[in-house]
Amino acid sequence: RLYRCWEENGYFHEEPDPARPPFIICMPPPNVTGRAHLGHGSTYTPMDVLTRFHRMLGNNADWLPGLDHAAIATEAVIVREMAKEGLAREDLGREAFVARAWEWSRTYGGEIETQFRILGFGPDWQRARFTMDDGLSAAVRKVFVQLYREGLIYRGKRMINWDAKGKTTVSDAEVDHVERDATLWHVRYPLEGDSTNGITVATTRPETMLGDVAIAVHPEDERYTALVGKSVLLPPLLERAIPIVTDEKVDPTFGTGAVKVTPAHDPTDYEIGLRHGLSMPSIMDFDARITGIEIGVGPYEGLDRFDARTRIVDALRDKGLLVKEEPYRHAISISERTGDVIEPLLSLQWFVKMESLAAPALQAYRDGRLRITPKSGGKTYEQWLENIRDWNVSRQIWWGHRLPVWYAPDDKPIVAETEEEAFEIAQREHGTTAIVRDPDTLDTWFSSGLWPFSILGWPEKTPELAHWYPSQVLITGSEIIFLWVARMVMLGIHFMGNVPFRDVVLTPLVFDAVGRKMSKSLGNAIDPMELAEKYGADAFRLSILRQMRLESQDIRYQESRCEEARNFNNKIWNATRYMLGLPEAMPGALTLPKSESLTLADRWILATLHDTIARVTQALQTFDFGGAAETLWRFVWYEFCDWYLEATKLPENAPTRAGVLSFVWNNAMRLLHPIEPFITEEVWLSLPHDGQTIMTATWPDPLEVPVDREAAALFDDVREATERIRNLRAEIGLQPKERVVLDVPVNVGPDVAALLAHLCAGTVRTSSAAGHTVAQALASVKPEAPKNVLEERYRKEISRLRDEVERLERKLANGQFVAKAAPDVVAKERSKLNGYRQEFARVETALAELTSEGDSRS
RNA sequence: GGGCGGUUAGCUCAGUGGGAGAGCGCUUCCUUGACACGGAAGAGGUCAUAAGUUCAAUCCUUAUACCGCCCACCA
């Protein structure tokens, strides 16, 4: 109900307004196929919090949402769906397939937007974009063409990562390295013409032997010096001879110190091959099957790579060429998306040249134009950019931005923004229009890399682009710092001349209670939608924010967190009910009772509110969401409810309470609103307020809250006295309503006396002993209690104080300390000692009086 | 192999160069006129280990152990 009202009234929407400071956040576009998970809680909640906060501050704040076409993920969904109908991609044909993907995206995609609404996220939906829409697609083509013409995009035959399951290349950033148990096979390659001699190599991938073109050893490895230059026969077929070469890259200490060189199927071997001018025959096709298309593979033709491995190992064993098999644990490359084992293949693909793009992105971070929180994220960012390699951007799938590339009959690429332009170029440069478009599409991250300016209308010169670029902050998970963040910075600098955002905030990863990753297969995944249903969206948001710390890289989450937050909200609700149930009406929220009429408790809660506003504001400005949440939790529950609300039940405090409650609670709701939008709106609307919605209410200003430090300190003294007295009451075993007589040694004034009596369920009896301040009097309030209880209590106190006094005396007697420590520290320690001594004397006197009383009575 | 982070109460985590903190859990009491999704009181810790710097170290430095994350072409 509230959300609908907000959206219908356009509260999330903003127009660029140069009169106000901009505050823009570009939402990391969730996958069109995606569903909300806990990671969205830790990443998107902070974005919503900041946007709401800055809107209340009066800034031109807008949160720009969108969806990502998620090329590989979406294509996989469609393929799976089609498989149920017995259809393959090719049965449909490209055009029909893409049409189906569009239809699917429109019909079933974007479910996550509904979920975001339930969670209270309020981006400017009117500005929602999709990475495949016309404007963004045009931006993609323009960027590709420009980079090509600048020589920053090229086509080349390079080692790429092949995902055989997804039937596409993937970039280095999308490859995971996973430790797995494997086997290290030692294989003997017999010397050509002398089969009694040979060289043994260790390999984990015998199936690639068919593509071996050499054996390499280290140049200084004396074991093999005599063999270098000779040739060996390639097992298991023993039909082809390959040379033994030397290369620095070979580690003589690993395995046998000799390595087989398969340039078409291993990145290191590829480099060795380049250095030695070796041939690079491919023996595996895009289905990860052995192929003899380039070189003879004998009976292994057409076998799947893993079957081929088994068959080749068997053959080696039969022929006595398998010297040794040993278990071996090592890291293998896995496709992030499909989980399939990555096959390094030599293939003709499109690449973005990264070096000249990376340098300015690195510089921007180093000179502080780009800040990264936490600092450790900055290190990661630097390290990656320093070692960056070219980015393979062509993908062999159909769903996505098709490469704006055509080929002339001689296979020369023609790169153009439109087909018309491509025809023109073809006619002009090749004298023909018989050109064929490249079937490949672009890496999803190519279009998301343009997000910060493409969603603002680039390449058009829009008012949004003029006023809102660059944005202020990007919030995202640290796992896509390479895939996304670094690329946005590089492309932003290149095309806009400026970093796309001032701050990057990396949110922690969410793990389960025992630190495991949340996953469906482990069954430990928690669905935020279920939590929202059970405990409320506000509770979910608060629970996750409360655990966030600036420097933390992970948080452990469990459902009980949400339950606690729900309890907190229940507390807010009940506190509100209390106020609404008071006999007097709540006056307007923006004016306080006359200053001189404020009670001690009033002054205390106002001073506390003042500090809370300052702290929360500071925390949100520095992205310390956990700090903000924790501060508010403490204020609402342990200060406002536990102490102030209780104090207002005292009749003497009644005259001013409605005004102060109204004022303080209104402020508290505004402070809490960015974190808990729903309950704060509901409460705010049910109490006196100014305006239509808390969303556009102004952010609390500490300068508008009167502060009386002296009164606040006195109230704190009362709190401390109260705690001591309650402790004694518990020891005596008094029932809550049983009153206790309190001896207060000076006339502390009727307000303090009444407050103390109320909070302790006591009857105050003031005597007027001289020489005490009110604070001292409070410190020595003596409840009437059985002699033995008091005596034990006093003895405990004396013992504790004696320890403290002795500790400090020792410290101050240390000449080194007095001479070398900072003077203010010494002074502080001295005054502490004095305080303890006075307290010690006081308790000792009290004990003496107690025992003498007892004596006279007995 | 390289980089980063962590180790503080049973659990999850704050924090500070000079008197160890919170929430949950636990124990005792309380259906007190907002709230049992609550209130009051309480128990519980040689701040991972070792050395160093310092008048003083849980905090700074170094090393070690264990845990986690990221990066990486030793077959």
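Being a predicted model, the structure only gives us computed values, none of them experimental. All chains are named by letter (A, B, ...) in the order of the sequence lines, taking the proteins before the strands, and each is independently numbered beginning at 1.
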With a non-hydrogen cut-off below 4.0 angstrom, is [X] in contact with a base, only sugar-phosphate, or nothing?
X         : result
Ser376(A) : sugar-phosphate
Leu645(A) : base
Lys828(A) : nothing
Tyr557(A) : nothing

Taking all heavy atoms of [X] and all of [Y], pick out the closest pair and write down the distance.
X         : Y         : answer
Tyr365(A) : Gly378(A) : OH-CA, 3.3 Å
His177(A) : Ala331(A) : CB-CB, 4.4 Å
Pro206(A) : Arg309(A) : CG-CG, 3.9 Å

Could you go through the salt bridge (Lys or Arg N to Asp or Glu O under 4.0 Å) check for Glu563(A) and Lys534(A) one step at a time?
CA-CA 9 Å; Glu563(A) 207 179 320; Lys534(A) 211 162 152 189; over 6 Å; no
Using a 3.5 Å limit on both pairing distances, list the dot-bracket string of RNA chain B from the 5' end; Watson-Crick and G-U wobble pairs count, crossing pairs take [ ], interstrand pairs take |.
(((((((..((((....[..)))).(((((.......))))).....(((((..]....))))))))))))....
Determine whether [X] and [Y] make a side-chain contact, defined as any pair of heavy atoms from C-beta on separated by less than 4.5 Å.
X         : Y         : result
Thr268(A) : Lys249(A) : yes
Thr169(A) : Trp162(A) : yes
Pro327(A) : Thr183(A) : no

Contact under 4.0 Å: Lys649(A) side-chain N or O vs A34(B) OP1/OP2:
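True: Lys649(A) side-chain N/O within range (under 4.0 Å) of A34(B) OP1/OP2.
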Pair Glu343(A), Arg205(A) - check salt bridge (Lys or Arg N to Asp or Glu O under 4.0 Å), show working.
CA-CA 11 Å; Glu343(A) 206 56 57; Arg205(A) 304 207 51 201; 2.4 Å; yes
Atom [atom1] of [X] to atom [atom2] of [N]: distance rounded to whole Å?
X         : N      : atom1 : atom2 : answer
Ile481(A) : C70(B) : CD1   : C1'   : 10 Å
Tyr578(A) : C35(B) : OH    : C1'   : 12 Å
Glu630(A) : G15(B) : CD    : P     : 11 Å
Leu833(A) : G18(B) : CG    : P     : 18 Å
Arg546(A) : C13(B) : CZ    : P     : 13 Å
Glu386(A) : A72(B) : CD    : P     : 14 Å
Ile480(A) : C69(B) : CD1   : C1'   : 16 Å
Met579(A) : G33(B) : CE    : C1'   : 16 Å

Over 60° means perpendicular and under 30° means parallel, so classify the ring planes of Phe540(A) and Tyr557(A), tilted if in between.
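Rings of Tyr557(A) and Phe540(A): perpendicular, as their planes differ by over 60°.
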[atom1] gap between [N] and [M], integer Å:
N      : M      : atom1 : answer
C55(B) : C13(B) : C1'   : 33 Å
G6(B)  : C59(B) : P     : 13 Å
U58(B) : G42(B) : P     : 27 Å

Candidates Thr608(A), Thr612(A), Ile605(A) - the one meeting side-chain contact (heavy atoms from CB on, under 4.5 Å) with Val664(A)
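Checked Thr608(A), Thr612(A), Ile605(A) against Val664(A); only one passes side-chain contact (heavy atoms from CB on, under 4.5 Å): Ile605(A).
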Reference residue Leu278(A); test side-chain contact (heavy atoms from CB on, under 4.5 Å); the match among Thr262(A), Asp269(A), Val261(A)
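When Thr262(A), Asp269(A), Val261(A) are each tested with Leu278(A), the side-chain contact (heavy atoms from CB on, under 4.5 Å) holds only for Val261(A).
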Protein-nucleic acid N or O pairs under 3.5 Å, nucleotides 54-57 of chain B:
unit_1 : atom_1 : unit_2    : atom_2 : d
C55(B) : OP1    : Lys820(A) : NZ     : 2.6
C55(B) : O2'    : Asn814(A) : ND2    : 3.3

Determine whether Glu564(A) and Arg546(A) satisfy the following criterion, salt bridge (Lys or Arg N to Asp or Glu O under 4.0 Å), listing intermediate values before the conclusion.
CA-CA 11 Å; Glu564(A) 288 166 27; Arg546(A) 206 156 78 92; 2.8 Å; yes
Given G18(B), U32(B), C30(B), identify the nucleotide with an atom nearest to the side chain of Gln735(A).
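When the side chain of Gln735(A) is considered, C30(B) is the closest of G18(B), U32(B), C30(B).
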Given side-chain hydrogen bond (donor to acceptor under 3.5 Å, both in side chains), test Glu676(A) with Asn569(A) step by step and report yes or no.
CA-CA 9 Å; Glu676(A) 301 204 282; Asn569(A) 289 339; 2.9 Å; yes
Applying side-chain hydrogen bond (donor to acceptor under 3.5 Å, both in side chains) as the test, list every pair that has at least one member in residues 810-823 of chain A; sequence neighbours left out.
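Non-adjacent pairs meeting side-chain hydrogen bond (donor to acceptor under 3.5 Å, both in side chains): Lys811(A)-Glu829(A).
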Test salt bridge (Lys or Arg N to Asp or Glu O under 4.0 Å) on Glu809(A) and Arg802(A); report intermediate values, then the result.
CA-CA 10 Å; Glu809(A) 278 175 345; Arg802(A) 185 184 292 122; over 6 Å; no
Run the ring-centre check on Trp633(A) versus Phe568(A) and record whether the distance is less than 6.0 Å.
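So the answer is yes for these two rings.
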Would you please indicate if the ring centroids of Trp665(A) and Phe640(A) are separated by under 6.0 Å?
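They qualify: ring centres under 6.0 Å apart.
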Taking only nitrogen or oxygen atoms into account, show me every contact under 3.5 Å that the protein makes with nucleotides 73-75 of chain B, one pair per line with its distance.
unit_1 : atom_1 : unit_2    : atom_2 : d
C73(B) : OP1    : Arg389(A) : NH2    : 3.0
C73(B) : O2'    : Thr268(A) : OG1    : 3.2
C73(B) : O2     : Thr268(A) : OG1    : 2.6
C74(B) : O2     : Asp251(A) : OD2    : 2.5
C74(B) : N3     : Asp251(A) : OD2    : 3.3
A75(B) : OP2    : Tyr328(A) : OH     : 2.8
A75(B) : O2'    : Ala202(A) : O      : 3.1
A75(B) : N6     : Asp251(A) : O      : 2.6
A75(B) : N6     : Phe254(A) : O      : 2.9
A75(B) : N1     : Asp251(A) : N      : 3.2

Residues within residues 800-809 of chain A bordering RNA chain B, heavy-atom distance below 4.0 Å
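Residues of residues 800-809 of chain A that come under 4.0 Å of RNA chain B are, in numerical order, Glu804(A), Arg807(A).
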Just the table, please: protein N/O against nucleotides 36-47 of chain B N/O, every pair under 3.5 Å.
unit_1 : atom_1 : unit_2    : atom_2 : d
C37(B) : O4'    : Asn567(A) : OD1    : 3.0
C37(B) : O2'    : Asn570(A) : ND2    : 2.8
C37(B) : O2     : Arg566(A) : NE     : 3.0
C37(B) : O2     : Asn567(A) : OD1    : 3.3
G38(B) : OP1    : Asn567(A) : ND2    : 3.2
G38(B) : O3'    : Lys571(A) : NZ     : 2.9
G39(B) : OP1    : Lys571(A) : NZ     : 3.1
G39(B) : OP1    : Trp637(A) : NE1    : 2.5
A41(B) : O3'    : Asn727(A) : ND2    : 3.0
G42(B) : OP1    : Asn727(A) : ND2    : 2.2

Under the 3.5 Å rule, do the base of A14(B) and the side chain of Gln547(A) count as making a donor-acceptor pair?
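Counting by modelled atom types and ignoring angles, no donor-acceptor contact under 3.5 Å is found here.
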I want to confirm an ordering. Mapping Gly377(A) and Gln558(A) to their closest nucleotides on RNA chain B, which one lands closer to the 5' end?
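So the residue in question is Gly377(A).
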Would you call Arg615(A)-Glu630(A) a salt bridge at under 4.0 Å N-O?
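No, no charged N to carboxylate O under 4.0 Å.
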